[in-house]
Chemist: 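Next up is a structure, given as structure tokens.
None of these values were measured; they are calculated from a predicted model. To find a chain, count down the sequence lines: A is the first, B the second, and so on, and within it residues start at 1.
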There are 2 protein chains.
Amino acid sequence: MSRRTTANGTGGTQPAAGGAPEDESGPKGRRSRISTRQKLFHAAVTLIAEQGFSSTTVEEIAERAGVAKGTVYYNFSSKTELFEELLRHGVGLLAADLQQAATETVAAGGTRVDALDRMIRAGLVFIDRYPAFTQLYVAELWRTNRAWNDTLLVVRKQAVAIVEEVLQDGVREGELSEEIDVPLTAAALVGMVLVAALDWKAFQPERSLEDVHAALSLLLQGRVGGGARLR
Amino acid sequence: MSRRTTANGTGGTQPAAGGAPEDESGPKGRRSRISTRQKLFHAAVTLIAEQGFSSTTVEEIAERAGVAKGTVYYNFSSKTELFEELLRHGVGLLAADLQQAATETVAAGGTRVDALDRMIRAGLVFIDRYPAFTQLYVAELWRTNRAWNDTLLVVRKQAVAIVEEVLQDGVREGELSEEIDVPLTAAALVGMVLVAALDWKAFQPERSLEDVHAALSLLLQGRVGGGARLR
DNA sequence: ACGCTTGGACTGACTGGTCAGTTCAAGTAT
DNA sequence: ATACTTGAACTGACCAGTCAGTCCAAGCGT
């Protein structure tokens with residue numbers, strides 16, 4: 001009895017997602033569990049993105065967060081649980097951004113294609129802010145036989161569903177071709193943004209977000225062929 | 001001295017890439033180093049795709065390949081080297097397929113967009129045949145601080161360059177818009193195919209390759225908007 | 001304005017287990 | 001002979017998770 005390191009007392013919804021370069025200026029001297037968890041998220045997301053889950057040790061995470069190893073286990077019941085909470089938290093943020101972009105655009109009288117374009121931008125902004133999280137997500141998503149598979153599935157659905165919904169609406173209202181396959185197209189769009197953005201960050205970080213967005217817009221709107229619309 | 005298990009004697013270019021569901025009916029009784037290496041590639045690619053590199057043990061690989069652990073070290077100098085050769089070998093196959101699709105289409109008088117479409121198909125066929133390899137490649141590509149980072153970089157360039165070349169040719173000959181950003185568009189196209197295909201395999205494996213190809217073609221050719229070309 | 005208690009947050013040495021890589025004597029096919 | 005394979009034993013490093021104990025702010029009685 002007595003101890004129980006489950007530590008779920010605070011509920012959910014801490015501000016920092018893990019990747020946020022926010023400076024630590026919480027309730028100063030006071031030790032708060034919440035800020036410790038944030039520091040751990042931040043440290044973990046970076047390290048796991050770099051090295052993968054299995055090659056990242058709990059001690060490394062603790063060290064980078066500036067706490068002792070025991071503290072990790074005081075705040076999370078296991079390495080896996082820390083990781084799962086990280087996933088849930090990060091995708092929650094992304095989903096909120098995407099949803100907002102979609103809703104705002106439609107409310108302002110934009111087309112569905114406009115909405116998709118705005119969502120692409122929102123995705124890019126997110127990846128720009130939390131590259132490590134994105135990296136880690138992509139690296140883990142299609143693995144099988146992993147402890148957190150269920151979490152990943154749920155979390156993926158949460159994000160993809162928003163794109164699918166916009167596509168669906170577009171088809172229903174005749175703005176998009178009835179030929180399109182909603183789930184596959186959604187996956188392709190997400191992939192387009194994900195991979196282009198990761199490549200941007202990894203191999204040509206000097207480019208601006210605008211450049212990347214423009215390139216993807218062109219693809220989305222099918223204006224790749226014919227500069228002067230030849231043929 | 002004496003031993004040196006570097007084992008690079010055979011050169012390169014073994015037939016099986018790792019993921020091939022080919023049945024093992026080589027020169028029966030004959031024990032050849034080459035077929036052992038193939039079995040090891042096959043076993044390793046599957047396991048690493050499922051679990052990741054670090055969580056896959058050499059003994060697991062040996063066991064699934066049906067050989068002893070010592071044999072792994074007779075054929076490869078280390079776990080990492082086995083993995084690196086796997087990467088080189090797999091991407092070599094993919095690059096050959098892509099190149100062939102592009103060359104053939106252009107030779108037969110197709111447009112560059114046709115060529116891209118054929119390359120998408122070639123990509124899908126490859127992923128269909130070697131899903132595990134693709135999975136593993138995506139999972140590792142954007143990691144940093146890994147031993148085989150250089151190998152990955154080389155190998156990535158090899159594949160992406162082919163797509164970039166076709167885009168470049170298209171722009172030069174006026175078939176594609178001069179507005180397009182070749183490297184970014186190439187990355188986006190690759191991502192589109194990669195992610196759509198992995199999603200297909202992971203979440204809707206009942207769909208046919210044709211379905212997936214059709215969905216991606218639609219996107220490539222910008223025929224997503226307006227079924228009856230409204231507006 | 002001060003000793004005493006409480007309990008939440010944190011610590012880090014320690015344990016038990018796992019795994020890459022080594023070594024080698026013996027086996028098998030050509 | 002030569003090339004390849006086996007299997008088992010061993011080493012040494014590394015690591016997830018544990019636990020007895022420290023630290024300290026806040027409450028409490030005096």
Side-chain angles (χ1 to χ4, degrees), chain A residues 1-11 14 24 26-41 43-44 47-48 51-84 146-148, chain B residues 1-11 14 24 26-40 43-44 47-48 51-84 145-148:
Chain A
M1 46 188 69
S2 69
R3 243 345 191 6
R4 326 240 69 234
T5 52
T6 323
N8 237 7
T10 48
Q14 285 81 27
E24 171 60 32
K28 241 202 66 202
R30 206 57 165 80
R31 269 131 143 219
S32 96
R33 196 158 187 170
I34 296 181
S35 84
T36 301
R37 287 169 68 99
Q38 284 175 0
K39 282 189 287 183
L40 286 171
F41 275 160
L47 286 166
I48 297 178
Q51 308 176 328
F53 177 83
S54 322
S55 340
T56 301
T57 70
V58 173
E59 206 155 306
E60 271 179 308
I61 296 174
E63 194 182 0
R64 187 170 297 191
V67 302
K69 188 178 178 184
T71 306
V72 176
Y73 287 94
Y74 183 77
N75 283 279
F76 301 93
S77 66
S78 68
K79 186 184 174 189
T80 302
E81 205 221 46
L82 162 57
F83 185 57
E84 286 188 282
R146 305 228 89 174
W148 51 83
Chain B
M1 263 233 180
S2 67
R3 246 332 196 20
R4 323 243 70 233
T5 52
T6 323
N8 236 9
T10 48
Q14 286 80 27
E24 172 59 35
K28 239 201 67 203
R30 196 80 152 63
R31 263 126 149 228
S32 87
R33 192 162 188 166
I34 295 181
S35 85
T36 301
R37 287 168 68 98
Q38 283 175 0
K39 281 189 287 183
L40 285 171
L47 285 166
I48 296 178
Q51 308 176 331
F53 178 83
S54 320
S55 343
T56 301
T57 69
V58 172
E59 209 157 301
E60 270 179 307
I61 296 174
E63 193 183 1
R64 185 169 297 191
V67 303
K69 187 180 175 183
T71 305
V72 175
Y73 286 96
Y74 184 77
N75 283 279
F76 301 94
S77 66
S78 68
K79 187 185 173 187
T80 302
E81 203 221 44
L82 162 57
F83 185 58
E84 285 188 281
N145 295 352
R146 305 227 89 174
W148 50 83

Chemist: Using atom OH of Y73(B) as one end and atom P of dA8(D) as the other, report the distance to the nearest whole Å.
Modeler: 18 Å
Chemist: Specify the angle, to 10°, made by the local axes at the two ends of the helix from dA1(C)-dT30(D) to dT30(C)-dA1(D) when five pairs are taken at each end.
Modeler: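 It works out to 20° between the end axes.
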Chemist: Residues in side-chain contact (heavy atoms from CB on, under 4.5 Å) with A43(A), at least two apart?
Modeler: I61(A), R64(A), A65(A)
Chemist: From CD of E81(B) over to C1' of dG21(C), roughly how many Å is that when rounded to an integer?
Modeler: 14 Å
Chemist: What nucleic acid atoms does K69(A) come within less than 4.0 Å of, heavy atoms only: base, sugar-phosphate, or nothing?
Modeler: base
Chemist: Rounding to a whole Å, what distance do you find between N75(B):CG and dT22(C):P?
Modeler: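 In whole Å, dT22(C) P and N75(B) CG are 15 Å from each other.
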Chemist: Nearest to the side chain of Y74(B), which nucleotide is it out of dG21(C), dC4(D), dC10(C)?
Modeler: dC4(D)
Chemist: Q38(B) has an atom CD; how far is it from atom P of dT5(D), in whole Å?
Modeler: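 Between P of dT5(D) and CD of Q38(B): 12 Å.
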Chemist: With sequence neighbours left out, what residues match E60(A) under side-chain contact (heavy atoms from CB on, under 4.5 Å)?
Modeler: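 If we apply the side-chain contact (heavy atoms from CB on, under 4.5 Å) test to E60(A), skipping adjacent residues, the hits are L47(A), Q51(A), T56(A), T57(A).
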Chemist: What's the closest nucleotide to the side chain of K79(A) if the choices are dT5(D), dC10(C), dG17(D)?
Modeler: dG17(D)
Chemist: List in chain and number order the residues that pass side-chain contact (heavy atoms from CB on, under 4.5 Å) with T80(B), two or more places apart in sequence or in another chain; answer none if no residue qualifies.
Modeler: F53(B), S78(B), E84(B), A147(B), W148(B)
Chemist: Does dC4(D) have its OP1 or OP2 closer than 4.0 Å to a side-chain nitrogen or oxygen of T71(B)?
Modeler: no
Chemist: Nearest whole Å is fine: how far is dT5(D) P from R37(B) CZ?
Modeler: 10 Å
Chemist: So, S55(B) versus S54(A): side-chain donor-acceptor pair below 3.5 Å or not?
Modeler: yes
Chemist: Hey, is the side chain of T36(A) poking within less than 4.0 Å of OP1 or OP2 on dC10(C), counting only N and O atoms?
Modeler: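 T36(A) to dC10(C) OP1/OP2: side-chain N or O found under 4.0 Å.
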Chemist: Given atom CZ of F76(B) and atom P of dT22(C), what is their separation to the nearest angstrom?
Modeler: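 It works out to 15 Å between those atoms.
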Chemist: Tell me which residues in residues 51-67 of chain A put a heavy atom below 4.0 Å from DNA chain C, sorted by number, or none.
Modeler: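 Those residues whose heavy atoms fall under 4.0 Å from DNA chain C, taken from residues 51-67 of chain A in numerical order, are V67(A).
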Chemist: Indicate the atoms forming the closest heavy-atom contact of R37(A) with N75(A), along with that distance.
Modeler: NH1-O, 3.0 Å
